[in-house]
Amino acid sequence: MLSFTAQAADRGHYMPHGMDDKIALQSELPSNWQAQLAKGEVLDVELFRQGRVVYRDASNGLVALRLENKLVRMVEQTREIVDVLNSI
């Protein structure tokens, strides 16, 4: 079952009122975080914690994580990056 935010993202809707404020309160990403995003690399645990899961495919074990303006698809168990989308 998907969370409300993930369902809304799938349908192209905006986040509920107040969610933008919660995301803005999250800590800043390290300065070199974009250099760590490469297909086949393993995503750092801290980056995974700071990201926001927007989609989870339990049948394939994949997860889509949003980090600022990037969407990272990865294997959830190992955090191995499968794909990186640059602009969302």
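Predicted model only: the values in this text are computed from it and were never measured.
Hydrophobic cluster of L62: the remaining members, joined at side-chain heavy-atom separations below 4.5 Å, are V75, V82, listed by chain and number.
D44 meets the side chain to side chain donor-acceptor pair (under 3.5 Å) test with no other residue; sequence neighbours excluded. Shown here are the salt bridge (charged side-chain N to carboxylate O under 4.0 Å, His left out) partners of E46, two or more places apart in sequence or in another chain: R49. Residues passing the salt bridge (charged side-chain N to carboxylate O under 4.0 Å, His left out) test with E76 are R56, sequence neighbours excluded.
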Open item on the list: As a quick check of understanding, evaluate side chain to side chain contact (heavy atoms under 4.5 Å, CB included) for R73 and I81, giving each step before the final call.
Closed with: CA-CA 6 Å; R73 285 188 335 144; I81 298 172; over 6 Å; no

TODO: Please assess M74 against F48 for the test side chain to side chain contact (heavy atoms under 4.5 Å, CB included), listing each intermediate value before the final yes or no.
DONE: CA-CA 10 Å; M74 69 185 83; F48 184 78; 3.9 Å; yes

Open item on the list: Between V45 and R79, does the side chain to side chain contact (heavy atoms under 4.5 Å, CB included) criterion hold? Intermediate values first, please.
Closed with: CA-CA 8 Å; V45 174; R79 295 184 326 276; 3.3 Å; yes

Show me, pair by pair, the donor-acceptor contacts under 3.5 angstrom made by side chains of residues 29-43, not counting sequence neighbours?
none

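Put simply, the side chain of L65 does not reach to within 4.5 Å of the side chain of R52, judged on heavy atoms. Within the 4.5 Å cutoff, the side chain of V72 has heavy atoms near those of the L67 side chain.
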